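What follows is one structure encoded as structure tokens, with my remarks underneath.
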Protein chains: 2
Amino acid sequence: MLTNILDKLVSGSAETRELDPHQFLFRQGDRAHYVFAVEDGHVKLTRYLSNGKSVVMLVARAGETFTEAALFSGLYHCSAVADVKSRVRAYKKKDILEALKSDPSLALEYAARLSRQVQRLRTQLELRNIQSAGERMLQFFLLEAHPDSLEFKVDVPLKDIAALLGLAHETFYRELARLESEGVITRQEATIKIERTGGI
Amino acid sequence: MLTNILDKLVSGSAETRELDPHQFLFRQGDRAHYVFAVEDGHVKLTRYLSNGKSVVMLVARAGETFTEAALFSGLYHCSAVADVKSRVRAYKKKDILEALKSDPSLALEYAARLSRQVQRLRTQLELRNIQSAGERMLQFFLLEAHPDSLEFKVDVPLKDIAALLGLAHETFYRELARLESEGVITRQEATIKIERTGGI
DNA sequence: CGAGTCGTTGAACGGAATCAATCGTCGTGG
DNA sequence: CCACGACGATTGATTCCGTTCAACGACTCG
């Protein structure tokens with residue numbers, strides 16, 4: 001059974017929700033009353049722009065929490081959709097805030113989590129400054145891969161990774177093929193292994 | 001006198017540092033012992049990639065704090081350089097942690113700050129998913145501008161804004177000129193006013 | 001007065017987006 | 001059980017636009 005920090009905070013009052021594929025958990029602009037954790041499946045957080053285009057902000061997988069940032073803001077700034085059949089736990093914001101208020105060490109731990117999230121986001125942002133699609137992908141794999149084995153297990157559609165990196169999926173596939181053909185990475189099944197990190 | 005949340009936390013133990021232009025406050029990889037707030041001038045946070053390129057992560061201006069995320073991590077992940085002659089206050093990490101531990105409401109407020117930072121970063125990231133340089137710039141201005149007047153005061157070099165948006169400065173200037181010539185924005189001095197937000 | 005940097009414009013190139021088509025797989029329902 | 005539709009994965013061709021290289025004026029600061 002996967003546990004997360006939210007269980008530690010509010011063990012009791014959380015509720016479990018089942019989501020069918022493409023079912024919305026909440027929509028951009030909804031009042032935010034809950035923080036969530038994925039128990040099974042994965043949930044895609046998408047933000048819609050004024051020009052009608054959409055942006056995948058995050059794909060939350062089993063064991064991960066999301067909308068933590070909404071704890072202190074009134075509205076959800078993105079929409080959450082279950083990619084596949086999924087199960088999430090919903091924790092009431094006010095229960096969490098209560099718990100944080102009463103236990104300073106928990107509050108601190110929570111701040112630490114947010115802090116790490118800030119760093120992850122910064123890293124993501126940094127990736128976007130790499131112009132070359134191939135290089136950006138490689139750096140991403142390096143970040144995501146196990147530091148020792150340099151292997152990276154792909155458990156979401158490659159399409160979504162492409163979107164996460166801000167690349168057209170065609171470009172992503174193409175560069176993936178090129179990286180493989182040049183021996184920079186190897187692929188078998190859902191695992192990508194980085195062979196060389198140096199200059200492409 | 002500008003105050004910030006850090007003063008509230010640790011009024012006493014902070015020290016003030018004067019920085020000359022181009023002087024490093026700390027370097028990427030240094031052990032992180034301090035969290036900073038800009039009192040005067042501005043400090044540029046830059047991250048260096050393995051391929052030698054660099055990325056501007058943030059330009060912290062007077063009144064803003066930075067390296068808050070380093071509170072819970074051992075090393076600075078970027079380098080900080082004063083753009084111009086600047087003055088910063090340095091707060092000891094352990095003092096802050098102490099204060100947060102002793103006062104849960106402060107810890108909560110701090111978490112709220114981090115939380116807002118997460119959202120700002122997400123917004124930044126979202127901006128990068130806009131392909132068109134002009135559209136990306138416009139959305140950025142909309143975010144930064146005063147909601148009512150739709151005016152945006154430029155107080156850092158345009159070059160830096162270009163870098164922040166992940167654009168070559170040439171492109172930035174060009175698109176800025178185009179947006180102005182098409183009447184989407186108007187510029188006088190250091191103020192950009194958005195005239196039309198709709199389709200370019 | 002020169003060095004340095006910002007702001008600006010021009011021209012050319014390259015690479016990623018885009019449009020388009022195909023294949024395989026999975027699930028669903030008739 | 002098979003046909004169909006949906007979607008992921010893949011490759012090809014073309015277009016477009018942002019980067020890059022280059023040059024120049026304006027301004028500040030030492």
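Treat the numbers as computed from the prediction; the structure is a model and nothing was measured. Chain naming here is simple, since letters A, B, ... match the order of the sequence lines and numbering starts at 1 in each.
Within 6.0 Å of CD on B/E170 lie more than 12 heavy atoms contributed by other residues, nucleotides or ligands.
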Practice task
Check step by step if side chain to side chain donor-acceptor pair (under 3.5 Å) holds for B/T186 and B/E195.
Solution key: CA-CA 7 Å; B/T186 51; B/E195 303 291 346; 2.8 Å; yes
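Judged by closest nucleotide on DNA chain D, B/E175 is the one of B/E170 and B/E175 placed further toward the 5' end. Mapping B/T171 and A/T171 onto DNA chain C via the closest heavy atom, the residue that lands nearer the 5' end is B/T171.
Between the CD atom of A/Q131 and the C1' atom of C/dC13 there is a distance of 14 Å, rounded to whole Å.
For the atom pair CG of A/L158 and CE of A/M137, the computed distance is 8.5 Å after rounding to the nearest 0.5 Å.
Ring-plane geometry between B/Y76 and B/F26 is classed as parallel, the angle between the planes falling under 30 degrees on a 0 to 90 degree scale with a further cut at 60.
Residues in residues 56-75 of chain B take part in these ring-ring contact (aromatic ring centres under 6.0 Å, His included) pairs, two or more places apart or across chains: B/F36-B/F66.
In this model, the phosphate group of D/dT10 is approached by a side-chain N or O of A/R187 to a distance below 4.0 Å at OP1 or OP2.
Ion pair B/E15/B/R17 flagged as a salt bridge, since at least one NZ, NE, NH1 or NH2 atom sits closer than 4.0 Å to an Asp/Glu carboxylate oxygen.
For D/dT20, its base sits under 3.5 Å from the side chain of B/R174 at one donor and acceptor pair at least.
Ranking C/dC6, D/dT19, D/dG8 by closeness to the B/L167 side chain, first place goes to D/dT19.
Of the residues in residues 158-166 of chain A, those lying under 4.0 Å from DNA chain D by heavy-atom distance are A/L158, A/K159.
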